[in-house]
**Student:** 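I'd like to ask some things about the structure below.
Letters A, B, ... mirror the listed sequences (proteins, then strands); counts begin at 1.
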Amino acid sequence: MLNREKPVLAPAGLQSSAERQGPNRLAGLDRWWLLFVGAIALAIFLFEAFPARYGVIFRFVVGSWTGGDGVYMTLKLTVVSFVFIVIVGMLMGLFRVSSARILKSVSSLYVEIVRGVPVLVWLLWIYFGVPSLLQAITWLPPALQRIPTFPAAVLAFTFAYGAYMTEVFRAGIQSIAKGQMEASRSLGMTYVQAMRYIILPQAVRVILPPMSNEFVTLLKDSSLVSILGGMEDITRRGREWVAQYFTSFDTYLVVALVYLILTLFFTRMSSAIERRLSVEKR
Amino acid sequence: MADNIIEISNVHKWFGKVHALDDVSLRVPAGEVLVIIGPSGSGKSTLLRSINSLETINSGQIIVDGMSLKGKGTNLNAVRAEIGMVFQQFNLFPHLTALENITLAQRIVRRRSAEESRQTARQLLQRVGIPDKEGNYPGQLSGGQQQRVAIARALAMNPKIMLFDEPTSALDPEMIKEVLDVMLDLAKTGITMVCVTHEMGFARAAARRIIFMDEGKILEETTPELLFTQPRHERTKLFLSKILTH
């Protein structure tokens with residue numbers, strides 16, 4: 001959970017992205033490749049050289065695509081949650097910058113409340129707390145008295161991360177010069193048209209780095225669902241393996257490696273997209 | 001009466017405790033080219049911006065093309081579409097090419113077809129003298145070129161009125177002329193123009209009437225020639241002596 005409280009935004013987004021493509025970019029590329037190749041090499045080495053010690057753990061933790069567990073479950077949870085998080089963040093971010101006082105206060109109240117409570121507590125509350133409340137309503141059919149794990153987790157992550165994403169969108173929108181809105185309105189565009197065609201397309205370029213930062217953080221925080229049970233994500237698989245074979249050092253090493261490879265991959269993807277956007281503009 | 005395309009009556013505007021517009025009244029007949037000058041903070045930009053409601057006034061009345069800006073039934077977006085505005089900082093859309101800058105509002109506000117918008121845009125780029133820059137992004141254009149694209153963008157809406165808010169103040173000296181030339185050509189077409197500018201050469205050549213503002217009030221209202229040769233107020237003399245000696 002790095003830099004959460006103040007998402008770091010590139011100043012104007014436009015000129016600066018071109019300037020950033022100096023010699024530093026190459027250095028960043030090299031360092032990333034070194035790390036990425038190193039992590040994969042270590043994984044392959046452990047897998048191939050010690051099939052009986054590490055190979056079996058890898059197979060179990062990574063899981064299978066068809067089985068819907070391991071890496072698949074982690075990615076599914078992360079991606080599905082993230083889609084909702086972006087929707088909530090954009091909506092609430094737009095509320096935050098709107099001139100309607102009610103929308104503004106709804107949005108800032110949401111952000112303040114959510115940010116003050118750990119993600120894990122939201123997760124526990126929505127998964128265990130809300131159903132216990134539903135069970136108190138005796139006339140509800142039993143099917144409605146439980147929230148299945150996956151939707152509960154998506155709901156909790158959306159709720160919690162939506163607040164951080166709201167701040168990311170707010171900062172991104174506010175970083176666009178006031179003159180852009182004025183020029184749009186002076187041409188007869190409505191507020192919504194100006195947002196849609198002028199402000200948001202520019203804000204997205206500014207938002208992209210902190211947004212992908214949130215994605216990677218979410219990918220890691222998705223491991224929290226392992227305490228709920230019922231969802232076989234990477235960490236849950238690791239814990240089950242440890243429970244059976246007591247090889248905690250080896251198992252969590254593998255778990256860590258799998259997360260590291262995933263996060264390195266996605267960090268790289270996001271900077272590639274970022275570069276592509278700034279190349280298109282020039 | 002019907003000849004006045006802009007009617008400003010007893011307008012007041014406060015920014016906190018600052019009285020930016022102090023009982024300003026002004027009539028602009030259709031087809032007039034009007035120049036507003038004055039020291040910074042005199043309210044000239046505020047007056048210009050309140051004509052298309054970028055600033056909302058606290059009291060008084062502004063009627064543009066027969067529609068009251070404060071009227072209940074008035075669609076501000078429709079009024080604004082009839083008023084082109086050119087800003088000191090150009091305010092081009094940096095994520096769109098010069099051509100897209102000019103076509104966007106035509107399509108989504110005027111509901112013109114993509115083809116028609118492009119044709120209009122190309123004609124206007126020709127008119128402002130940069131037909132070869134349509135594929136360039138604003139960041140790839142000089143200040144003078146950007147301002148000319150901004151003028152073309154405003155003209156593409158076929159406005160009845162053009163507002164200029166210090167259009168040359170952010171430009172390097174060698175680029176001022178190319179923008180003023182476009183404005184002079186425009187003045188000859190008979191479109192109503194209200195220009196906040198300190199370009200006295202332009203005022204002499206294009207405007208029949210010039211207004212001097214200070215501290216939110218209109219101090220003098222006369223022809224450019226008379227203002228420069230026989231200013232009536234001390235404040236005007238002082239201001240002119242500062243901008244004309246250079």
**Student:** Can you list, pair by pair, the side-chain donor-acceptor contacts under 3.5 Å of residues 79-89 of chain B, counting residues two or more places apart and other chains?
**Tutor:**
| residue | atom | partner | partner atom | Å |
| --- | --- | --- | --- | --- |
| B:Arg80 | NE | B:Asn52 | O | 2.9 |
| B:Arg80 | NH2 | B:Ser53 | O | 3.0 |
| B:Glu82 | OE2 | B:Arg110 | NH2 | 3.4 |

**Student:** Would you please go through residues 91-102 of chain A and name the residues with a non-hydrogen atom below 4.5 Å from one of chain B, in numerical order?
**Tutor:** none

**Student:** Give me each pair satisfying side chain to side chain donor-acceptor pair (under 3.5 Å) with a member in residues 32-49 of chain B, each pair once, sequence neighbours excluded.
**Tutor:** A:Glu182-B:Arg49, B:Glu32-B:Arg209, B:Ser45-B:Asp165, B:Arg49-B:Glu55

**Student:** The test is side-chain hydrogen bond (donor to acceptor under 3.5 Å, both in side chains); show your working for B:Gln126 and B:Arg122 and say whether it passes.
**Tutor:** CA-CA 6 Å; B:Gln126 183 87 39; B:Arg122 292 203 172 104; over 6 Å; no

**Student:** Please list all pairs passing the ring-ring contact (aromatic ring centres under 6.0 Å, His included) test where one or both residues lie in residues 196-223 of chain A, with sequence neighbours left out.
**Tutor:** A:Phe82-A:Phe215, A:Phe215-A:Phe266

**Student:** What option among B:Asn91, B:Leu54, B:Ile108 has the most heavy-atom pairs under 4.5 Å with chain A?
**Tutor:** B:Ile108

**Student:** In terms of side-chain heavy atoms, does A:Ser212 have a donor or acceptor partner in A:Ser270 at a distance below 3.5 Å?
**Tutor:** yes

**Student:** If we ignore angles and hydrogens, is there a donor and acceptor under 3.5 Å between the side chains of A:Gln174 and A:Arg170?
**Tutor:** yes

**Student:** Under a 3.5 Å cutoff, is there a donor and acceptor pairing between the side chains of A:Asp221 and A:Tyr161?
**Tutor:** yes

**Student:** Is B:Leu76 in contact with chain A via its backbone, its side chain, both, or neither, using a 4.5 Å heavy-atom distance?
**Tutor:** neither

**Student:** Counting heavy-atom pairs under 4.5 Å to chain A, which of B:Thr97, B:Leu92, B:Asn136 comes out on top?
**Tutor:** B:Leu92

